[in-house]
Amino acid sequence: RTREMDVDTEFRCIAGGLFVRVDKVGGGTPGKAYDGDWTVTVRHHPTAGSAIFDRETLTTGTPKTHREVAEMAADFASEEI
């Protein structure tokens with residue numbers, strides 16, 4: 001389950017209890033699906049402490065929405081904790 005925090009070209013949400021920020025490399029509109037490279041940051045807290053992933057690149061081979069990529073990033077980050 002995700003909860004949306006901000007809507008513009010950068011997508012921010014809480015996914016899996018983690019704070020996730022997603023940008024589509026080259027631009028993209030939240031709600032529309034894209035494949036290719038995404039930049040993701042995942043943190044325990046939105047402004048404090050170190051990031052689990054900090055501006056890491058995540059590549060999708062099939063079209064995904066910003067929310068779907070955020071959920072994927074949270075899943076990957078949970079495995080790193």
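For the single chain, residues carry numbers from 1 onward in sequence order.
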Parallel under 30°, tilted from 30 to 60°, perpendicular over 60°: which one fits the rings of His45 and Phe19?
tilted
Any side-chain heavy atom of Leu58 sitting closer than 4.5 Å to one from Met72?
yes
Can you tell me how far the CZ atom of Arg43 sits from the CD1 atom of Ile52, to the nearest 0.5 Å?
9.5 Å
Please tell me whether Trp38 and Thr60 have a donor and an acceptor in their side chains that are separated by less than 3.5 angstrom.
yes
Show the nearest heavy-atom pair for residues Thr65 and Gly31, with the distance to one decimal.
CG2-O, 3.9 Å
Thr39 and Val25, any side-chain heavy atoms less than 4.5 Å apart
yes
Can you measure from CG (Leu18) to CZ (Phe76) and round to the nearest 0.5 angstrom?
13.5 Å
Of Lys24, Arg67, His66, which meets side-chain contact (heavy atoms from CB on, under 4.5 Å) against Pro30?
His66
Measure from the side-chain N and O atoms of Thr41 to the backbone N and O of Arg55, and report whether any donor-acceptor pair falls under 3.5 Å.
yes
Polar contact flag, side-chain donor to acceptor under 3.5 angstrom, Asp37-Thr59
yes
Keeping the roles fixed (side chain from Tyr34, backbone from Thr29), state whether a donor-acceptor pair exists under 3.5 Å.
yes
Closest non-hydrogen atom pair, Asp54 against Ala51:
CB-CB, 3.8 Å
Could you tell me which non-hydrogen atom of Ala70 sits nearest to which non-hydrogen atom of Ala15, and how far apart they are?
O-CB, 4.1 Å
Under 3.5 Å donor-acceptor, Glu71 side chain and Glu68 backbone
no
